[in-house]
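Working notes for the structure below.
Below, chain A is the first sequence line, B the second, and so on; all start at residue 1.
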2 protein chains.
Amino acid sequence: MLQVATPFAHPAKNPPLPGARTPQVSFKTQMLQAREDAIVEAANRLLAEKGFDLMTMDQVAANVGIAKASLYKHFSSKEQLAAAGMVRVLGQAQDFLATLPTRAAPLDQLKAVVRWMMLARLAGRMPSLPSENSTLRAALLASNDYLDALMRVSDQIGSWIEAAQANCTLSARLPPLLVLYTLYARACDPVPEFLKLGGQHSDEEIVQLVLSTCFDGLNAR
Amino acid sequence: MLQVATPFAHPAKNPPLPGARTPQVSFKTQMLQAREDAIVEAANRLLAEKGFDLMTMDQVAANVGIAKASLYKHFSSKEQLAAAGMVRVLGQAQDFLATLPTRAAPLDQLKAVVRWMMLARLAGRMPSLPSENSTLRAALLASNDYLDALMRVSDQIGSWIEAAQANCTLSARLPPLLVLYTLYARACDPVPEFLKLGGQHSDEEIVQLVLSTCFDGLNAR
DNA sequence: GTCTATAAATAGATAGAC
DNA sequence: GTCTATCTATTTATAGAC
């Protein structure tokens, strides 16, 4: 669990070289970027709704309003597109982490992260990638963008876990990796969705209930 | 959360009618049943390994050693086969419930059930059905065998939840349905698998760790 | 880079002989 | 009921004109 300094949340993909003339970002390039953003956003909506296997490139194309062949000019495969979706969400997570007050208690930081993940999922903005699909897993592990983004987020969360354990607010008997996995797993937990289907609770109530089971456990105290 | 008396774990599919001559179970019928069992077992292995969407009927047929067309003489669709797999597992769960000592503390009963689920999953015997797939969900909700088996197990677990809350060993502030879902969710939790991939813990250790996060929570006590 | 049209591969399901 | 062979639909991905 390595702590990495992350002075800025989203380093620009092609930052201007120091001393170089600021490159004129052509209108065409801007449009291209916007189009790619729209594609990834549509893909993430579908990934959240149906998962990787049931999402089809036809659906993505239809959602964006372009031809399927055009998708492949931006992303070479379905796996690459899903990876871009994960990178996007990890970037959003990083942006959220940057908004948290630096001096708050580490345990509260962790709760805030989990809360953010569950709300994103309930809002249909959290792509759900099956852990079993080998072609997808291979593509993710081969994507430096993905691994970088994941590591940045994991390092930040990991440092909070260590701090909270040193703090004695988080159980020190649990391996930090177990805690990290347990927190990440809230992003694919079916419980919030089932509770939502029941219609008895608001999204915020659902989040509070699941947060309680996660941090306080099921036992009576 | 209705408690239902379940005097026997597995009622025979076609119990002899009272007063009727015990039907001679022909050798052929026995073989047929055994074949179907083998099909469902193979399907469950594949469902546990790859999930519903990635499992193909060709793979099932190859695993059993029969032609794909023969599968369809036993099960009219992939969804029906998966439903039969779930009924099988629910039957195994029911058998396990029947072995638990009747007088044990309800909280311990619940822990024992979760432990059984996680061990079954780590052993590759727990089919993982995606909650999103609508054709599958429809087939499950249309299957009386499935709904019956699910209700039997849920009633038993639900009665323990109520008892444990009355007992003050389980947090009384949590809606029983939330507790039930949280326990069921251990059957599709990715955390045990990830820990297993790490290679640092035995299956039993993994189960104990996840049991601890589930019942004790992440907070220090 | 976007489109239409199509290739190539795969999967669920069925036909029909035995 | 089991087999081989096939149908039909779907899906990923590409070809080639503009």
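- Ring geometry for Phe194(B) against Tyr181(A) counts as tilted: the plane angle lies between 30° and 60°, on a 0 to 90° scale.
- For DNA chain D, none of the residues of residues 129-138 of chain B falls under the heavy-atom distance limit of 4.0 Å.
- Once rounded to the nearest 0.5 Å, the distance linking CD of Gln92(B) with CG of Asn44(B) reads 7.5 Å.
- Side-chain contact between Leu218(B) and Leu110(A): absent, with no pair of heavy atoms (C-beta onward) separated by less than 4.5 Å.
- To the nearest 0.5 angstrom, Leu81(B) atom CG is 7.5 Å from Ile39(B) atom CD1.
- Within residues 55-62 of chain B, no residue has any heavy atom closer than 4.0 Å to DNA chain D.
- For Asp203(A), the salt bridge (charged side-chain N to carboxylate O under 4.0 Å, His left out) partners are Lys196(A), not counting sequence neighbours.
- For the atom pair Leu90(A) CG and Asp148(A) CG, the distance stands at 10.5 Å (nearest 0.5 Å).
- Within the nucleic acid shown, Lys28(B) has no heavy atom closer than 4.0 Å to any nucleic acid atom.
- With sequence neighbours excluded, the residues satisfying side chain to side chain donor-acceptor pair (under 3.5 Å) with Arg115(B) are Glu204(B).
- Protein atom CG of Leu71(B) is 11 Å distant from nucleotide atom C1' of dA13(C), rounded to whole Å.
- At whole-Å resolution of the value, CZ in Phe75(B) and P in dA13(C) are 13 Å apart.
- For Arg121(B), the side chain to side chain donor-acceptor pair (under 3.5 Å) criterion is met by no residue, not counting sequence neighbours.
- By the 4.5 Å heavy-atom criterion applied to side chains, Val60(A) and Asn63(A) are not counted as neighbours.
- Atom OH in Tyr72(A) sits roughly 17 Å away from atom P in dA7(C) (whole-Å rounding).
- Within 6.0 Å of atom CD in Gln208(B), more than 12 heavy atoms from other residues, nucleotides or ligands are found, so the atom counts as buried in its surroundings.
- Residues His74(B) and Ser77(A) each lie close to DNA chain D; by heavy-atom proximity, the contact nearer the 5' end of the strand is made by His74(B).
- Around CD of Glu205(B), the count of heavy atoms belonging to other residues, nucleotides or ligands within 6.0 Å exceeds 12.
- Where DNA chain D meets chain A (any atom under 4.0 Å from a heavy atom), the bounding nucleotides read 5' to 3' are dT11(D) to dA15(D).
- Residue Lys73(B) is in base contact, counting any heavy-atom pair closer than 4.0 Å across all strands shown.
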